[in-house]
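All of these numbers come straight from a predicted model, not from anything done at the bench.
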Amino acid sequence: MSLRLVAATLLCVGTTSWAQSVAAVYVSSPAVRLTSAERVHLSAVARDAAGNAISGAAFTWTSSAAAIATVDTNGDVVTAGLGFADITATASGRQGVIRLQVLPQRIEISPASASIPWGEQQQFRAVAYDINDQPITGAPITWRAQVAGGTFDSTTLSISSTGLVSAKTLGSYVVRASVVYASQTNQFEREFAASVPFQVIPRDFRTATSASTDTTYSAFRLRGKRTQISVNDSGQLAFVSAL
């Protein structure tokens with residue numbers, strides 16, 4: 001009886017282990033917001049229908065956007081371009097997915113400040129840098145000209161999609177260069193930005209004669225104004241006109 005009980009117990013344990021199948025895969029990362037050129041290791045766990053972890057499960061790793069983040073067979077991720085990448089771990093036909101956001105380390109705008117004469121143009125340039133302080137190729141920069149210290153977009157001064165400002169109104173402004181991440185949840189950044197101040201100032205000016213006559217008089221006196229026309233001692237009429 002004792003031997004048969006042990007054999008039955010072993011058979012039961014063996015059957016349970018063999019019957020355990022992957023019902024779900026869960027992927028985790030140290031962070032979901034990463035910096036360009038950063039390296040992180042992702043972990044994956046396969047679980048059965050009862051929620052028990054399945055040891056020894058083999059995973060296949062893939063990335064939805066290799067230009068933004070790559071992943072190797074061990075779940076090691078290297079980020080590159082800016083944007084989002086979905087990293088998937090697959091085991092026995094079941095998949096677990098984690099979305100990663102890749103951000104710049106910083107954005108630098110040049111010139112750092114400017115005084116632009118009215119009617120002229122100023123070209124601003126922006127460079128996004130990775131975690132190693134290297135420029136990020138193809139970073140999608142969005143430009144905005146703002147007022148009130150960067151609180152509102154200007155309605156009177158324009159800036160092109162390439163950062164060219166046309167100075168048509170006087171005043172103090174802020175130029176903002178940003179990488180925009182649209183339609184995402186609160187766990188992700190919606191915008192990564194930098195800004196610099198600039199001013200639109202009056203142009204240099206000089207006085208010039210707009211109208212004149214060759215006739216000059218050493219002196220003359222105007223009579224008291226009775227109507228819109230006055231007369232002097234020489235019998236000449238004089239009147240006031242606005243040009």
Side-chain angles (χ1 to χ4, degrees), residues 31-38 65 67-69 78-85 99-214 240-243:
V32 294
R33 290 178 290 184
L34 305 174
T35 304
S36 178
E38 187 174 357
I68 295 174
V78 179
T79 59
L82 305 178
F84 292 93
R99 172 160 291 187
L100 302 178
Q101 181 182 33
V102 182
L103 303 161
Q105 175 72 17
R106 63 187 176 91
I107 296 176
E108 187 175 290
I109 303 173
S110 60
S113 63
S115 294
I116 312 170
W118 180 90
E120 296 189 9
Q121 293 182 317
Q122 173 67 53
Q123 179 67 62
F124 288 92
R125 290 178 171 81
V127 179
Y129 291 90
D130 65 19
I131 199 170
N132 299 318
D133 210 32
Q134 297 298 310
I136 302 171
T137 303
I141 300 296
T142 298
W143 292 94
R144 297 162 68 183
Q146 300 181 308
V147 294
T151 305
F152 307 103
D153 288 344
S154 173
T155 59
T156 59
L157 187 141
S158 63
I159 185 169
S160 72
S161 60
T162 59
L164 181 64
V165 167
S166 298
K168 296 182 179 179
T169 53
L170 302 178
S172 298
Y173 300 90
V174 168
V175 63
R176 184 182 184 93
S178 59
V179 178
V180 178
Y181 300 83
S183 303
Q184 295 300 327
T185 60
N186 290 333
Q187 66 179 325
F188 297 116
E189 296 287 348
R190 287 180 168 81
E191 181 183 24
F192 189 101
S195 60
V196 297
F198 71 95
Q199 289 184 320
V200 179
I201 59 176
R203 297 178 62 92
D204 292 336
F205 65 91
R206 58 188 176 84
T207 59
T209 301
S210 60
S212 182
T213 177
D214 292 335
V240 178
S241 177
L243 298 178

Pairwise distance CG(Asp133) to CZ(Arg106) - rounded to 0.5 angstrom: 4.5 Å
Least distance between heavy atoms, Ile201 atom then Ser115 atom: CD1-CB, 4.1 Å
Short side-chain to backbone donor-acceptor contact, Asn132 and Gln134, under 3.5 Å: no
Check against side chain to side chain contact (heavy atoms under 4.5 Å, CB included), Val200 and Leu157: CA-CA 10 Å; Val200 179; Leu157 187 141; 3.6 Å; yes
Asp153 versus Gln146, side-chain donor and acceptor atoms under 3.5 Å: yes
Closest approach of Ala65 to Ala85 (non-hydrogen atoms, all atoms of both residues): O-CB, 4.0 Å
Flag side-chain contact, heavy atom, 4.5 Å: Gln101 against Arg99: no
4.5 Å side-chain heavy-atom contact, Leu103 and Arg33: yes
With sequence neighbours excluded, residues passing ring-ring contact (aromatic ring centres under 6.0 Å, His included) with Tyr129: none
Inter-residue atom distance Ser172.OG - Gln199.CD, 0.5 Å rounding: 4.0 Å
Gln123 side chain near Leu164 side chain, heavy-atom distance below 4.5 Å: yes
Non-hydrogen side-chain atoms of Ile116 and Phe198 separated by less than 4.5 Å: yes
Donor-acceptor under 3.5 Å (Ser110 side chain, Ala112 main chain): no
Ser178 side-chain N/O to Val180 backbone N/O, donor-acceptor pair under 3.5 Å: no
Side chain to side chain contact (heavy atoms under 4.5 Å, CB included) partner of Val179, chosen from Ile107, Thr142, Ile136: Ile107
Mutual orientation of the aromatic rings belonging to Trp143 and Phe124 [parallel < 30°, tilted 30-60°, perpendicular > 60°]: tilted
Minimum heavy-atom distance Asp130-Ala37, with the two atoms named: OD2-CB, 3.6 Å
Pairwise side-chain contact, Phe188 with Leu100, heavy-atom cut-off 4.5 Å (strictly under): no
Exam field: side chain Tyr181 to backbone Val102, donor-acceptor pair closer than 3.5 Å: yes
Gln187 and Val32: CA distance, side-chain angles, deciding distance, side chain to side chain contact (heavy atoms under 4.5 Å, CB included) verdict: CA-CA 8 Å; Gln187 66 179 325; Val32 294; 4.0 Å; yes
Side chains of Pro202 and Trp118 in contact at under 4.5 Å (non-hydrogen atoms): no
Within-4.5 Å side-chain heavy-atom neighbours: Ser113 and Val196: no
Interatomic distance, Ser154 atom OG to Lys168 atom NZ [nearest 0.5 angstrom]: 11.5 Å
Any residue meeting salt bridge (Lys or Arg N to Asp or Glu O under 4.0 Å) with Glu191, in chain and number order, not counting sequence neighbours: Arg144, Arg176
Arg203/Glu120 salt bridge by N-O under 4.0 Å criterion: yes
Side-chain donor-acceptor pair present, Thr79, Glu38, cut-off under 3.5 Å: no
Spatial distance of atom CD1 (Ile141) from atom OG (Ser161) [nearest 0.5 Å]: 12.0 Å
Side-chain donor or acceptor of Ser195 paired with backbone N/O of Val174 under 3.5 Å: no
Side chains of Leu82 and Pro140 in contact at under 4.5 Å (non-hydrogen atoms): yes
